Amino acid sequence: PLAAKETLVLEGITDRAQVANAVANPKLPVQRSSWPADATGLVFLWENAKAENRIWDPVLGGVRESVMHAGANHFDRDGALVCGQGLSDAGAEAPQQLIDGCKASEALSVEMVVRPENLEQSGKDGILPLLAMSHGWPKGSFFLSQNKNRLLVALARQSDDSQPQIFDLGALPSAGPHHIVVAMAPKRLALYVDGAKVQEVDPSPAKILMMASPLKFGGCNEEWLWKGRLEGIAMYGRFVEEAEAARGWNVYRARLAARKPVTRVVVDARLVAKTPAPEPKDMMPYRSALVVYEYAVQKVKDGKAIKDGQVVRVVHWGVRDLKNTPAAKRAVGATVQLTLERFADHPELEAQFMRDDLPVSEADLWTDDQP
């Protein structure tokens with residue numbers, strides 16, 4: 001096992017001259033990533049959209065990269081997945097990779113950092129999945145869900161189970177962010193929140209079934225979608241114990257604390273002018289597009305960077321995954337509440353397709369996280 005910092009020494013290196021010349025033994029500094037706390041049995045890793053997200057695959061015999069297809073969702077300035085507009089998935093290969101990594105132990109642990117938009121949301125049968133190994137409720141092997149302030153796990157008892165068994169494992173103390181781990185093994189199902197065990201139960205006869213179900217995030221059906229942010233997702237083919245969950249939380253908590261805060265202002269504003277959302281044929285090969293709106297601020301509810309009566313320009317998502325967003329349907333004259341951050345603080349948006357049909361203006365440019 002690597003320590004936090006090591007030196008890699010390469011010996012016997014030569015150049016490609018006709019008569020090879022020996023090269024002085026290179027010494028390369030190596031710094032092991034602090035997260036995950038223990039990469040043993042790692043079968044899926046997606047820290048955020050800015051990270052490399054690479055793991056060693058013993059079946060492949062090489063390094064592979066985990067992916068996240070945002071779909072109608074998007075990534076924020078820190079690379080976290082912002083859910084609420086559609087389903088995101090981990091690609092077609094992820095289900096088989098999970099099976100290959102978990103079938104010997106019959107165990108699976110899921111680690112993630114979650115920030116629900118609120119603690120009031122719920123879905124059908126009280127199930128609103130943050131993560132689902134499923135083709136759609138109730139067909140699937142595993143669902144991690146929110147029901148208001150409670151975290152629930154649903155497990156199937158057999159492959160064609162139309163009534164998965166639901167376990168209420170505990171509460172989220174706030175909207176977070178919170179580090180959660182769900183650990184599953186034969187006769188064991190545990191939840192850890194911020195490094196502390198909340199509850200462990202025997203889920204028998206339900207268990208984690210090794211079915212090649214799609215790995216979805218932010219819901220499992222288009223009709224009811226979880227709203228919030230996900231990052232720091234790691235999945236292991238083993239049961240994670242409380243001490244390791246605590247180490248993972250301590251590391252990720254430090255990462256969150258090190259992030260530079262951005263200016264944020266909450267306002268009530270009236271829509272004065274808007275750029276129409278483009279038609280899909282006008283934005284290919286892009287599947288999503290930003291549009292610029294102009295608002296007259298009626299009341300500042302939180303923050304000091306904007307004043308009552310000020311005119312601002314706001315960049316919205318007008319199209320996500322070739323579908324118009326709620327913002328695209330907003331009528332001129334409507335008054336809405338906006339949570340604004342400076343557009344300059346969101347470099348992840350600079351490479352996106354953006355349309356601005358408004359007259360040239362000196363108004364400040366902001367962006368609103370919610371479409």
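As the structure is a computational prediction, the values presented were derived from the model and not from experiment.
A donor-acceptor pair shorter than 3.5 Å can be found between the side chains of R253 and N250. Side-chain atoms of N53 and S66 include no donor-acceptor pair closer than 3.5 Å. A donor-acceptor pair shorter than 3.5 Å cannot be found between the side chains of Y252 and E111. With hydrogens and angles left out, the side-chain atoms of Q121 and K148 include no donor and acceptor closer than 3.5 Å. Side chains of W137 and D125: a donor-acceptor N/O pair is present below 3.5 angstrom, by distance only. Side-chain N/O atoms of D194 and H178 include a donor and acceptor closer than 3.5 Å.
The pair E231-R115 counts as a salt bridge, with a side-chain nitrogen and a carboxylate oxygen less than 4.0 angstrom apart. Taking a cutoff of 4.0 Å between a charged side-chain nitrogen and a carboxylate oxygen, R64 and D57 qualify as a salt bridge. Between R238 and E244 there is a salt bridge, since at least one side-chain N of the basic residue sits less than 4.0 Å from a carboxylate O of the acidic one. The residues D76 and R229 are annotated as salt-bridged, a charged nitrogen and a carboxylate oxygen being separated by less than 4.0 angstrom. Salt-bridge formation is not detected for the pair K299/D308: no Lys NZ or Arg NE/NH1/NH2 atom is positioned less than 4.0 Å from an Asp or Glu carboxylate oxygen.
Within the 4.5 Å cutoff, the side chain of H316 has heavy atoms near those of the Y293 side chain. With a 4.5 Å cut-off on side-chain heavy atoms, M112 and V114 count as touching. Inter-residue side-chain proximity for F75 and E348 is flagged as unmet; no heavy-atom pair is nearer than 4.5 Å. At least one side-chain heavy atom of W317 sits under 4.5 Å from a side-chain heavy atom of S288.
For residues 17-30, no residue pair satisfies the salt bridge (charged side-chain N to carboxylate O under 4.0 Å, His left out) rule, not counting sequence neighbours.
For R32, there are no salt bridge (charged side-chain N to carboxylate O under 4.0 Å, His left out) partners, not counting sequence neighbours. The side chain to side chain donor-acceptor pair (under 3.5 Å) search around S34 returns R255, not counting sequence neighbours.
By the 6.0 Å contact criterion, NZ on K197 is enclosed, its count of non-hydrogen atoms from other residues, nucleotides or ligands being greater than 12.
For the pair M235 and L215, the tightest heavy-atom approach, listed with the atom from each and the gap, is SD-CD2, 3.9 Å. For the residue pair T335 and Q298, the shortest heavy atom distance occurs at CG2-OE1, 3.1 Å. When all heavy atoms of G136 and K216 are compared, the closest pair comes out as N-NZ, 4.0 Å. Taking each heavy atom of P116 and W226 in turn, the nearest pair found is CA-CZ2, 3.7 Å.
Side-chain atoms of S88 come within 3.5 Å of backbone N or O of A70 as a donor-acceptor pair.
Relative orientation of the F217 and F44 rings is parallel, given thresholds of 30° and 60° on the angle between their planes.
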D78 and R259: CA distance, side-chain angles, deciding distance, salt bridge (Lys or Arg N to Asp or Glu O under 4.0 Å) verdict: CA-CA 8 Å; D78 297 309; R259 291 177 181 172; 3.8 Å; yes
